Amino acid sequence: MLHCDAFPAWRCALPGSGSMFEVVIDGDVYRMSDIDRLNFDTSKIGKVRELAGRGVTVYPYRFDRTHTIEEIRERFAHAGHEKCEESVTTAGRIYIVRHHGKTIFADMGDCSGRIQLYLRQNDLGPERFDLFRQYIDSGDIIGVEGHVFRTKKGELTVWVDDFTLLSKSVCPMPEKFHGLKDVETRYRQRYLDLMVNEESRETFLTRSRIISCIRSFLLERGYLEFETPTLQPIYGGANARPFTTYHNFLEQKLYLRIAPELYLKRLIVGGFEKVFEISKNFRNEDIDTNHNPEFSMVEIYEVYRDYSDMMDLTEDLISCLVAEIQNTCEIVFESTMLNFERPWRRMSMEDAVREYAGIDMQEHSLDGLAEIARQHAVEGCEHASTRGEYLALFFEHFAEKNLIQPTFVYDFPIENSPLAKKHREKEGFTERFELFIYGMEMANGFSELNDPLDQKARLELQDRKRRAGDVEAQMIDYDFINALGYGMPPTGGVGIGIDRLVMLLTNHSSIKEVILFPQMKVAAPDDPPKHTER
RNA sequence: GGGCCUGUAGCUUAGCUGGCAGAGCGACGGACUCUUAAUCCGUAGGCCAGGGGUUCAAAUCCCUUCAGGCCCGCCA
């Protein structure tokens with residue numbers, strides 16, 4: 001073990017060999033690997049020690065401010081070169097410090113914005129001034145008291161009479177001009193991204209506003225917000241592979257929900273009439289620009305409504321969002337203009353296939369459809385055996401990517417819609433719709449299946465598929481079928497993907513840009529190289 | 001799962017037809033009382049993502065592992 005007790009402690013050389021050893025700084029033990037992992041700056045740790053030695057509370061407990069930075073900018077917008085009489089107290093993180101001998105300029109930022117600070121030795125006195133000069137670095141959080149004025153160059157500035165260290169940063173800040181660009185670091189250390197990249201902070205601010213906008217839209221219209229289990233003994237409500245976990249004391253396997261659907265419908269059975277949940281769902285699938293293993297949805301159910309009502313509601317909700325967030329009904333996504341002016345286009349799946357594939361489903365036999373699928377190398381067609389399956393495959397293959405402007409596609413084949421009610425007129429179809437924007441599926445809704453016998457049969461079919469190896473087919477939830485057995489009113493339901501909505505409204509083509517902490521593979525720093533033979 | 005690309009100092013990066021690893025910012029020391037990516041002088045900081053190979057010589061060429069990005073397939 002290596003002891004570095006000499007003062008100042010941080011000046012002790014930290015030997016650069018790769019072997020494991022420990023460094024003691026003022027009695028605190030740092031393993032070398034910790035220092036590697038911690039990214040602490042030894043000179044800053046030294047400053048913390050010295051400040052404490054001078055009786056400075058480096059991490060005090062509270063601070064009162066009279067103004068946020070935004071409030072200062074508003075209130076003193078017309079400030080001139082003379083100091084304003086009214087004093088202000090504000091706080092924030094130091095981003096840049098410019099030393100000029102006996103004056104210092106610094107840029108400080110809080111959640112609402114940034115502002116320049118001006119400090120002079122004449123005002124603070126040599127001791128306080130020196131404390132700032134020596135110990136306050138970019139990254140530190142300080143509180144300042146002073147008077148607002150405008151510099152000769154016109155910059156609104158707080159002329160600092162006194163300052164308080166509120167939190168000392170011991171890690172190096174990202175570069176002040178270029179900031180933090182490395183995508184991986186931005187995702188893994190989102191706090192740094194938020195700290196220095198204004199656009200990123202803006203994106204997540206918008207995300208927060210979108211969610212609160214969805215919530216208030218629904219609450220205002222009398223929908224009740226509920227929370228249903230994330231840990232479920234039987235998963236359902238969607239076709240997807242679940243995450244599994246285990247409860248030690250129940251001694252029972254549990255699944256992370258893939259959808260809240262079956263529980264929300266139980267609430268409808270129980271007598272709540274308009275319900276919604278904003279939930280995280282978990283699907284054990286690949287990660288890419290459109291998929292994160294956990295993602296956010298809002299699911300909405302309302303009694304005595306059918307799928308066409310739910311299309312109206314979806315259109316209403318999303319146009320309201322666009323108007324609220326963007327102040328217009330047009331948004332630019334990846335340099336394409338998306339027009340949310342109502343009414344949005346609505347077309348049946350068969351019409352979509354007719355329009356985009358030039359295939360009229362009615363004109364072809366089952367064998368004919370199979371032949372067309374083979375000719376066009378439609379993905380998954382080798383597993384198709386019914387007209388409905390071909391319709392769904394043709395839609396995905398030919399039509400989906402062309403649905404750029406907001407478009408509802410309705411009347412889905414019954415095969416892939418085990419929770420949707422049979423179509424009131426069309427044999428072999430369900431009353432189901434999906435909303436597509438920029439080729440992305442944004443919402444999925446239906447007239448909810450409330451016939452318990454039909455539901456039982458459909459889930460049994462799913463279960464047979466699952467047992468035959470379809471990893472995404474659903475389990476049978478007998479309690480859910482029982483709930484329907486007690487009688488569920490005719491109900492319309494819809495689920496809207498929040499992450500994709502945020503992508504659209506913030507013009508990001510990767511879901512990781514709109515999820516604060518996207519799932520990343522954990523690096524295993526101490527793993528020895530696996531295939532080194534010596 | 002398949003294809004393409006990326007990984008060099010804390011951050012942003014140059015070097016990639018093999019020949020001493022460079023810069024800016026940041027850090028540290030110094031000068032500077034209206035700067036704002038301040039400026040000026042000086043110092044330290046790199047197993048060039050990891051491992052293996054080819055070579056007199058590898059950041060550079062080859063193989064491989066890891067991590068990430070983009071596109072495609074499956075899913076919302």
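Since we're looking at a predicted model, the values are computed, not measured. Below, chain A is the first sequence line, B the second, and so on; all start at residue 1.
- Of the nucleotides present, none pairs with B:G45 by Watson-Crick or G-U wobble criteria with both distances under 3.5 Å.
- Near-neighbour residues of RNA chain B inside residues 116-126 of chain A, defined by a heavy atom below 4.0 Å, number-ordered: A:Gln116, A:Tyr118, A:Arg120, A:Asn122.
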List the atom pairs, with distances to 0.1 Å, where a side-chain N or O of residues 90-98 of chain A and a protein N or O form a donor-acceptor pair under 3.5 Å, not counting sequence neighbours.
{"residue": "A:Thr90", "atom": "OG1", "partner": "A:His67", "partner atom": "O", "Å": "2.8"}
{"residue": "A:Arg93", "atom": "NH1", "partner": "A:Gly139", "partner atom": "O", "Å": "2.7"}
{"residue": "A:Tyr95", "atom": "OH", "partner": "A:Met195", "partner atom": "O", "Å": "2.9"}
{"residue": "A:Arg98", "atom": "NH1", "partner": "A:Asp107", "partner atom": "OD2", "Å": "3.3"}
{"residue": "A:Arg98", "atom": "NH2", "partner": "A:Asp107", "partner atom": "OD1", "Å": "3.2"}
{"residue": "A:Arg98", "atom": "NH2", "partner": "A:Gln116", "partner atom": "OE1", "Å": "2.7"}

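- Of all nucleotides present, none satisfies the Watson-Crick or G-U wobble test against B:G18 with each distance under 3.5 Å.
- B:G46 sits 12 Å from B:G10 when the C1' atoms are compared, rounded to a whole Å.
- In this structure, A:Phe105 places its CZ atom 9 Å from C1' of B:U33, rounding to the nearest Å.
- Salt bridge absent: A:Glu50 and A:Arg54 never bring a charged side-chain N and a carboxylate O closer than 4.0 Å.
- Look at the C1' atom in both B:G45 and B:C5: the space between them is 30 Å, to the nearest Å.
- The one candidate from A:Tyr263, A:Phe282, A:Tyr255 that meets the ring-ring contact (aromatic ring centres under 6.0 Å, His included) condition with A:Tyr235 is A:Tyr255.
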List every contact pair, protein side and nucleotides 11-14 of chain B side both N or O, where the distance is under 3.5 Å.
{"residue": "B:C11", "atom": "O2'", "partner": "A:Glu175", "partner atom": "N", "Å": "3.1"}
{"residue": "B:C11", "atom": "O2'", "partner": "A:Gly179", "partner atom": "O", "Å": "2.8"}
{"residue": "B:U12", "atom": "OP1", "partner": "A:Lys181", "partner atom": "N", "Å": "2.9"}
{"residue": "B:U12", "atom": "OP1", "partner": "A:Asp182", "partner atom": "N", "Å": "2.8"}

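- Nucleotides B:G22 and B:G15, compared at atom P, are 15 Å apart to the nearest Å.
- No donor-acceptor contact under 3.5 angstrom links the side chains of A:Glu431 and A:Tyr410, judged on distance only.
- A:Asp193 meets the salt bridge (charged side-chain N to carboxylate O under 4.0 Å, His left out) test with A:Arg186, A:Arg190; sequence neighbours excluded.
- Closest to the side chain of A:Asp288, out of B:U36, B:A37, B:G73, is B:G73.
- Ion pairing between a basic and an acidic side chain is recognised when a charged N comes within 4.0 Å of a carboxylate O; A:Glu198 and A:Arg201 show such pairing.
- Separating the NZ atom of A:Lys102 from the C1' atom of B:U35 is a distance of 16 Å, rounded to the nearest angstrom.
- The nucleotide B:G1 finds its pairing partner in B:C72, both defining distances of the Watson-Crick or G-U wobble pair being shorter than 3.5 Å.
- Across all strands shown, B:A31 is found opposite B:U39 as a Watson-Crick or G-U wobble partner, with both distances under 3.5 Å.
- In this structure, A:Thr103 does not reach the B:U35 phosphate: none of its side-chain N or O atoms is under 4.0 Å from OP1 or OP2.
- Of all nucleotides listed (B:C32, B:G68, B:U36), B:C32 comes nearest to the side chain of A:His100.
- Between the NZ atom of A:Lys521 and the C1' atom of B:G69 there is a distance of 16 Å, rounded to whole Å.
- Residue A:Ile94 contributes atom CD1, which lies 12 Å from atom P of B:A27 at whole-angstrom precision.
- As rounded to whole Å, 17 Å separates atom P of B:G7 from atom CZ of A:Arg188.
- Between the side chain of A:Asp41 and the base of B:G26, no donor-acceptor pair under 3.5 Å is found.
- Side-chain atoms of A:Thr185 and A:Asp182 include a donor-acceptor pair closer than 3.5 Å.
- Taking atom C1' in both B:C61 and B:U55, the straight-line distance is 10 Å, to the nearest Å.
- Taking the six-membered ring wherever Trp is involved, the centroid distance between the rings of A:Tyr118 and A:Phe149 falls below 6.0 Å.
- The nearest pair of heavy atoms linking A:Asp161 to A:Gly146 is OD2-CA, 3.5 Å.
- Atom P of B:C20 sits at a distance of 25 Å from the matching atom of B:C25, rounded to the whole Å.
- Within the 4.0 angstrom heavy-atom criterion, no nucleotide atom of any strand lies near A:Ile104.
- Note on A:Met520: only backbone sugar-phosphate atoms sit closer than 4.0 angstrom, heavy atoms only; bases stay farther off.
- Put simply, CG on A:Asn197 is 15 Å from C1' on B:A37, counting in whole angstrom units.
- Both the sub-6.0 Å distance and the 45° axial angle are satisfied by A:Arg128 relative to the ring of A:Phe163.
- A sub-4.0 Å separation between OP1 or OP2 of B:A38 and a side-chain N or O of A:Arg98 is present.
- Between B:A9 and B:A59, the distance separating the two C1' atoms is 14 Å to the nearest Å.
- Between A:Lys512 and B:G68 there is no side-chain polar atom (N or O) within less than 4.0 angstrom of OP1 or OP2.
- Straight-line distance from the CZ atom of A:Arg133 to the P atom of B:U35: 20 Å, rounded to whole Å.
- Here A:His99 lies in heavy-atom contact (under 4.0 Å) with a base.
- Atom CD1 of A:Ile287 is separated from atom C1' of B:C70 by 16 Å (rounded to the nearest Å).
- Searching all strands for a Watson-Crick or G-U wobble partner of B:U54 with both distances below 3.5 Å returns nothing.
- Salt-bridge annotation for A:Glu315 and A:Arg346: present, with a side-chain N of the basic residue lying under 4.0 Å from a carboxylate O of the acidic one.
- Here A:Ser510 reaches the OP1 or OP2 of B:C70: one of its side-chain N or O atoms lies under 4.0 Å away.
- Of the P atoms belonging to B:G3 and B:U65, the separation is 12 Å, rounded to the nearest Å.
- No contact: A:Asn284 has no heavy atom under 4.0 Å from any strand.
- When each of A:Ser138 and A:Glu441 is assigned the nucleotide of RNA chain B with its nearest heavy atom, A:Ser138 is the one assigned upstream, toward the 5' end.
- In this view, A:Arg114 satisfies the salt bridge (charged side-chain N to carboxylate O under 4.0 Å, His left out) rule with no residue, not counting sequence neighbours.
- Taking the P atoms as reference points, B:U6 lies 28 Å from B:C74, given to the whole Å.
- Residue contacts shown for A:Tyr95 are absent, as no nucleic acid heavy atom lies under 4.0 Å away.
- In this structure, B:C66 and B:G7 make a Watson-Crick or G-U wobble pair, each of the two defining distances being under 3.5 angstrom.
- Under the rule for a side chain to side chain donor-acceptor pair (under 3.5 Å), A:Ser208 has no partner lying at least two apart in sequence or in another chain.
- In this structure, A:Lys153 does not reach the B:C34 phosphate: none of its side-chain N or O atoms is under 4.0 Å from OP1 or OP2.
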